[in-house]
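Reading through the structure tokens given below for one structure.
Residues: numbered from 1 along the sequence shown. Just so it is clear, the values below take in all heavy atoms, side chains as well, and ignore hydrogens, waters and symmetry mates. Just so we're clear, the structure is a prediction, and the values are computed from it rather than from any experiment.
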Amino acid sequence: MDAVDRTRARMPLAPVGEELSPTDRTRFARHLLLPGVGDAGQRRLRAARVLVVGAGGLGSPILLYLAAAGVGRITVVDDDSVDATNLQRQVVHGTADVGRPKVDSAVDALAALAPGVTVVPVSERLTGATVLDLVADHDVVVDGADNFPTRYLVGDACARLGVPHVWGSVYQHDAQVSVWWAGEGPCYRCVFPNPPPPGSVPSCSTGGVLGASCGAVGSVMAEEVVKLLVGVGEPLVGRLLLHDAWRQEWSTLPVAADPGCVVCGAGADPRRPLGLEGEGHGMDENGSAAAESTLPSISVSGLARRLADRAEGGDDFVLVDVREPGEREVVTIPGSFAVPLGQVRQDEGASVAKAADGIPALVYCKSGARSVEAVRLLRSRGVDAVDVTGGVLAWIDEVDPSLPAY
């Protein structure tokens with residue numbers, strides 16, 4: 001297939017909309033000049049309806065480029081508010097937006113960039129009860145979510161309805177992008193039938209992320225949306241695009257539909273609950289390991305009292321930080337020593353058991369998920385391990401607000 005043929009590889013998803021005004025022709029002149037887009041393609045973009053899940057690191061460049069491209073209606077879903085730590089990569093928001101709902105900040109930013117685009121904010125978390133109606137009302141869904149429950153929910157809904165699903169993820173400096181499209185190629189479940197074990201894949205809030213990687217990957221995702229709407233080029237259907245920013249390498253892997261897929265396979269049950277609901281993966285709604293209330297625990301205020309008592313000669317204990325080294329560079333609870341959760345898993349808690357040597361081990365992480373796993377493992381070795389509820393974030397909120405959060 002030559003270069004000309006590649007510009008007309010698939011049928012467009014959006015209809016040809018109304019005529020362009022002289023102002024539109026000036027604004028979108030570079031698209032009008034572009035082979036494969038032109039007048040009809042730009043009118044398709046204007047008539048298109050795109051659902052963007054997440055207004056964060058990936059959602060930011062996606063929203064900006066889709067609005068700039070003239071996509072007629074963009075629905076943005078996010079139940080979070082802007083935090084100062086977001087600004088390193090979430091470029092649709094500014095310093096003045098800290099504390100505002102992300103969807104409100106995004107609406108204002110897109111209105112300033114492209115006043116002709118209709119932006120519909122949805123400031124709530126998607127659920128199995130709402131996702132199908134929302135997906136069905138759009139031509140393409142773009143998934144910039146940062147947690148596995150939402151990814152699986154969106155992927156299942158798109159596969160059930162046959163709506164193309166542009167997906168991407170970034171971890172530190174590595175990224176993946178694909179277009180899942182049941183009936184045309186694999187859906188998300190075909191390639192990732194189950195989420196990873198809880199706590200095995202750190203989020204960007206614990207593992208870090210290169211902000212510019214979000215821009216690079218989000219731009220690729222926006223490209224895929226435009227291609228699908230206009231009917232130009234070769235979408236990433238049946239291919240998984242991999243990116244390593246440190247090595248500055250891009251590569252693709254072929255991926256195929258699974259005939260036995262529980263969502264889009266021939267024997268799939270259309271009444272099956274969407275997403276991870278009822279699958280017993282032990283994740284909360286943010287994709288973290290679910291806490292176990294049966295484990296011994298102590299509040300951060302209780303920990304502060306224990307630390308003060310120990311300084312006055314009270315009962316001894318060891319305070320264990322199971323976060324990663326980079327997190328400790330940001331903030332620590334005074335008097336703790338570091339044993340990352342990966343090391344606790346690797347040596348089955350032997351390093352902590354040696355340090356504790358018969359005294360209690362009080363264990364904390366960022367917010368509680370990793371410490372629960374560490375406490376469970378340590379107690380199986382006979383260590384008197386106690387979970388510090390809420391972790392270092394609770395310590396900052398309740399004990400020492402002067403410390404930096406992340």
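The backbone N or O of G368 lies less than 3.5 Å from a partner atom in the side chain of S371, making a donor-acceptor pair. Here the side chain of Q88 pairs a donor or acceptor atom with the backbone of V209 at under 3.5 angstrom. Under the 3.5 Å distance criterion, the side-chain polar atoms of S178 are matched with a main-chain donor or acceptor of R239. Side-chain N or O atoms of Q176 include none that pairs as donor or acceptor with a backbone N or O of L240 at under 3.5 Å.
Inspection of the D321 and S336 side chains reveals no N or O donor paired with an N or O acceptor under 3.5 Å.
Partner V53 forms a side-chain contact (heavy atoms from CB on, under 4.5 Å) with one of T75, L58, L126 and no other, that one being L126.
The aromatic rings of F192 and W180 stand perpendicular to each other, their planes meeting at an angle above 60°, with 30° marking the opposite boundary. The aromatic rings of W246 and H173 sit parallel, their planes meeting at an angle under 30°, below the 60° perpendicular limit.
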Next item on the list: Decide yes or no on side chain to side chain contact (heavy atoms under 4.5 Å, CB included) for W250 and V220, but give the supporting numbers first.
Entry: CA-CA 12 Å; W250 296 84; V220 170; 4.0 Å; yes
Margin query: One pair to check against salt bridge (charged side-chain N to carboxylate O under 4.0 Å, His left out): R379 and D384. What are the steps and the verdict?
Written below: CA-CA 6 Å; R379 294 187 70 83; D384 182 12; 3.6 Å; yes
Next item on the list: Quick one: do R73 and D137 satisfy salt bridge (charged side-chain N to carboxylate O under 4.0 Å, His left out)? Show the steps, please.
Entry: CA-CA 11 Å; R73 192 181 86 183; D137 194 36; 2.7 Å; yes
Next item on the list: Evaluate side chain to side chain contact (heavy atoms under 4.5 Å, CB included) for L229 paired with V50, printing each intermediate quantity in order.
Entry: CA-CA 9 Å; L229 294 173; V50 177; 3.9 Å; yes
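In this structure, the side chains of P334 and W395 come closer than 4.5 Å at one or more pairs of heavy atoms. Proximity of L87 to V98: side-chain heavy atoms (C-beta onward) are separated by under 4.5 Å at one or more points.
Counting non-hydrogen atoms of other residues, nucleotides and ligands closer than 6.0 Å to CG of D315 gives a total of 12 or fewer.
At least one test fails for R151 against the ring of Y188: distance under 6.0 Å to the centre or angle within 45° of the axis.
The two residues V122 and V103 have their closest heavy-atom pair at O-CG1, 3.7 Å.
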